[in-house]
**Q** 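Mind looking over this structure? Questions follow.
Values in this document were obtained by computation on a predicted structure and should not be read as measured data. Numbering of ligands and ligand atoms starts at 1, following listing order. Excluded from the calculations below are hydrogen atoms, water molecules and symmetry mates; all remaining heavy atoms, backbone and side chain alike, are included.
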Amino acid sequence: MGVQTVPSPGADRFAWWRQARFGMFIHWGLYAIPAGVWKGQEIAGIGEWIMARVPIPVAEYEPLAKQLNPVKFNARAWVRVAKDAGMRYIVFTAKHHDGFAMYNSPSSDYDMVDATPLHRDPLKELADACREEGLRLCVYYSQAQDWHHPDAAGNSWDFPDEERKDFGRYLREKVEPQLRELLTQYGPIGLIWFDTPRVITQEQSNALRDLVHSLQPECLINSRIGHGASDYDSAGDNQIPVCVRPKPWETPATLNDTWGFKRNDDHWKSPRTLIRLLVDIVSKGGNYLLNVGPTAEGEIPEASIVRLHQVGNWMRVNGEAIYGAEPGPFLCESNWGAATKRSGKLFLHIFDWPKGALLLRGLRCRVRYAYLLADPERRPLAVTHYRNAVLGFEELRVALPTEAPDANVSVVVLEIDGEPDADPKPIQTPDGIISLEACQAVLPAPAGLDRSGLAVRWTEQARPIEWEFKVVTPGTFDVEVWTAAARNTVWQGTADVSIVVAEQQRRATLTDKDRRASDRSPHQLYSVTRCGPVRIDQAGTAALRLTGVSSAEEPVPSLRMVRLLPVGEGA
Ligand code: H79
């Protein structure tokens, strides 16, 4: 398949994507017709999965194509919604798991032009609109699951005989011709977004990558092509790493709880949540690919448009702190908000406006000038540096006006000398809390961090994980261990933990009794196990050792952090 074309070394194929930071995912397909309801029954789960969830036989799903008549479809209008929100690229579902090509696919009859009354090519119209409005066009392609093809992965209700399936034949008959079409009919494609690799082999993933690059060497490929044949990492759906990740990555995310349109999903995120998710993602080095699910008539739901417009209002003022921005010097989430940097400027994205001043511990750079990004006059903010010589850390105090310039996220710009630098050791924050994140620990092998920044294999040899941290206000603390839990699934496995801090030992068995959503993402849940109180009598550098023990049979939840929560006089 194709000649192997290695993209030219040194060429920065990522430049546009890093600059963009914010893109629009579009899930549009036949599933928009039932929109989550089949034969009068509300079907649970994500809308584009309705065929598998019911399950609907191919013979019953296919005729939906004749009903697709999106008279209100206007590619220009969609692209303008994305542009208005500040998005710089669009990823369109050319073919989702249902196998229906939402573009003109000459190699297939199960496509927009042959099977619908529309006889138009929405991808061609999107390509033209993107070119005119200056956005990058990209496509989603489900390369392994195809519920319409008897040899592909996924459809066990029409094609139950796994023995007779020839996955290679499906790749040759359908995937390769369609990828050729997608990469030759529409001009430059920014990236191809593959999904659910399932049964694909290393060789097959490599062959798809080579085919893509033989046709368009600049085209980026996400990690769901499988087997690392990719250019960048896709986080899990709606999943955001807990700390800065150095490799390029992107979070695909929903505006409500579905990708494909569902008429009854009103669980919309607020503009505030969306803006904070964008800031959080960029502050950790990622891109935010935020989804809309247009209706069968061809319209982006009004509820999506109004929210995206609010995000756009924020971007029009604060875009400088997002486009082309990199993570600030802090490895982990800060309780006051998040930091990004760009060309000698450090941007402090403040979530909850503090009274009078922002106190920042651990920032080790000289600030020359500070102002609010929303202030067109750039009036200076008073900045005071302190050095706590006894405890050995820097503190910065930025005086703030009474009123937040933005109700959702307000950005303070710090013009600094040199590269921003932060204390690598966790420091107790002014609210008294000490957060010890997995990515700040010394992790003995075979323990390591997964792509979300959570510790995995951390109990395998029962070797202690260690943190050194700085205590400012001594006192009594409740010790909590945070492990990752997934939404809609059972928290699995357990481990016994021992914690040693200030010569006190506490033991606990991890449980799922106290499950909490992260304050950053409504889709991310943690199970918090309380291990009892400890006393730390002295300010200064302290150490904590966590040892996990598990049985070989049971899975072990990934570890996010140990948190020391002040109680009583220490608060
Ligand atoms: O395109 C979107 C999703 O359709 C796709 N990835 C994003 C970008 C995706 N493919 N698979 N998954 C997501 C995982 C799906 C799991 C579930 Fe289900 C589908 C949970 C509920 C419906 C499988 C079927 C498990 C229960 C029913």
Side-chain angles (χ1 to χ4, degrees), residues 23-38 41-56 61 87 89-103 138-149 152-158 182 191-200 220-226 230 232-240 249-262 264-265 267 269 277 281 286-294 304 451-452 485-492 521 523-525:
M24 174 182 272
F25 220 161
I26 302 179
H27 275 70
W28 199 40
L30 300 181
Y31 39 78
I33 298 167
V37 180
W38 192 252
Q41 278 254 296
E42 184 96 22
I43 308 300
I46 42 186
E48 70 286 1
W49 269 72
I50 193 166
M51 183 177 175
R53 278 309 287 266
V54 173
I56 307 170
Y61 193 85
M87 295 158 155
Y89 58 111
I90 286 182
V91 183
F92 177 73
T93 47
K95 188 200 82 172
H96 204 269
H97 307 329
D98 66 2
F100 186 76
M102 290 295 288
Y103 69 98
C138 312
V139 293
Y140 171 106
Y141 191 87
S142 175
Q143 82 279 26
Q145 286 199 78
D146 187 311
W147 304 328
H148 190 259
H149 197 290
N155 185 337
S156 56
W157 54 99
D158 287 293
L182 290 169
L191 62 87
I192 301 198
W193 217 96
F194 292 105
D195 203 3
T196 63
R198 295 264 179 124
V199 300
I200 202 166
L220 301 176
I221 295 173
N222 74 328
S223 54
R224 295 195 196 173
I225 192 172
S230 52
Y232 74 89
D233 282 341
S234 290
D237 294 354
N238 279 310
Q239 298 296 300
I240 300 170
W249 62 272
E250 174 185 65
T251 291
T254 52
L255 264 168
N256 45 1
D257 288 335
T258 183
W259 306 85
F261 178 67
K262 277 185 92 170
N264 296 324
D265 184 340
H267 200 213
K269 291 169 190 69
L277 287 170
I281 287 169
N287 275 28
Y288 189 30
L289 182 60
L290 181 56
N291 182 71
V292 297
S304 300
R451 62 163 186 210
S452 294
R487 205 178 191 193
N488 301 329
T489 61
V490 182
W491 187 83
Q492 280 193 327
S521 164
H523 292 271
Q524 187 60 63
L525 301 177

**Q** What's the shortest distance from atom 17 (C) of ligand 1 to any protein heavy atom, and which residue and atom give it?
**A**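 Of every protein heavy atom, I46 CD1, 4.3 Å lies nearest to atom 17 (C) of ligand 1.
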**Q** Tell me which protein heavy atom sits closest to atom 13 (C) of ligand 1, plus the residue, atom name and distance to 0.1 Å.
**A**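 Result: D237 OD2, 3.2 Å.
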**Q** Atom 20 (C) of ligand 1: protein heavy atom closer than 4.0 Å?
**A**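 Protein heavy atom within 4.0 Å of atom 20 (C) of ligand 1: absent.
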**Q** Do NZ/NE/NH1/NH2 and the carboxylate oxygens of D195 and R224 come within less than 4.0 Å?
**A**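 Judged by the 4.0 Å cut-off on N to carboxylate O distance, D195 and R224 do form a salt bridge.
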**Q** Output the list of atoms in ligand 1 that are nearer than 4.0 Å to some heavy atom of T196, sorted by atom number.
**A**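 Ligand 1 atoms under the 4.0 Å threshold to T196: 10 (N), 11 (N).
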**Q** Ignoring hydrogens and angles, tell me if any N or O in the side chain of R451 forms a donor-acceptor pair with the backbone of S234 under 3.5 Å.
**A**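 Checking the backbone N and O of S234 against the side chain of R451, a donor-acceptor pair under 3.5 Å is found.
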**Q** Which residue holds the protein heavy atom closest to atom 14 (C) of ligand 1, what is that atom called, and what is the gap in Å?
**A**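 Residue, atom and distance for the closest contact: W49 CZ2, 4.2 Å.
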**Q** Taking 4.0 angstrom as the limit and counting only heavy atoms of Y140, give me the atoms of ligand 1 inside it, by number and element.
**A**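 Those qualifying, in numeric order: 1 (O).
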**Q** S142 and side chain to side chain donor-acceptor pair (under 3.5 Å): which partner among K95, R198, H97, H96?
**A**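 Between S142 and the candidates, side chain to side chain donor-acceptor pair (under 3.5 Å) is satisfied uniquely by H97.
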**Q** Whether D257 and K262 form a salt bridge (side-chain N of Lys/Arg under 4.0 Å from carboxylate O of Asp/Glu) is what I want to check.
**A**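 Answer for the salt bridge query: no.
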**Q** In Å and rounded to the nearest 0.5 Å, what is the CG to CG distance from D237 to N291?
**A**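 Between atom CG of D237 and atom CG of N291 there are 10.0 Å.
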**Q** Tell me, which protein residue and heavy-atom name are nearest atom 4 (O) of ligand 1, and how many Å apart are they?
**A**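 Checking every protein heavy atom, the shortest distance to atom 4 (O) of ligand 1 gives E48 OE2, 2.5 Å.
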**Q** Which atoms from ligand 1 have a heavy atom of H27 less than 4.0 Å away?
**A**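 Listed by number with element: 1 (O), 2 (C).
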**Q** Under 4.0 Å, heavy-atom basis, I'd like to know which part of D195 is in contact with ligand 1: side chain, backbone, both or neither.
**A**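 Only the side chain of D195 comes within reach of ligand 1.
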**Q** So among W147, F100, Y31, which one has a side-chain contact (heavy atoms from CB on, under 4.5 Å) with M51?
**A**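 Of the listed options, the one satisfying the test is W147.
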**Q** Counting non-hydrogen protein atoms only, what is the nearest one to atom 22 (C) of ligand 1? Give residue, atom name and distance.
**A**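 The closest one turns out to be R53 NH1, 3.6 Å.
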**Q** I want to check something: taking the side chain as every heavy atom from C-beta on, are T93 and E48 in contact at a cut-off of under 4.5 Å?
**A**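 With C-beta onward as the side chain, the pair stays apart.
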**Q** How far is atom 10 (N) of ligand 1 from its nearest protein heavy atom, and which residue and atom name does that atom have?
**A**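 In this structure, atom 10 (N) of ligand 1 has H97 NE2, 3.1 Å as its nearest protein heavy atom.
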**Q** Compute the ring centroids of Y140 and H27, then answer whether they are less than 6.0 Å apart.
**A**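 Yes - the distance between ring centres of Y140 and H27 falls below the 6.0 Å cut-off.
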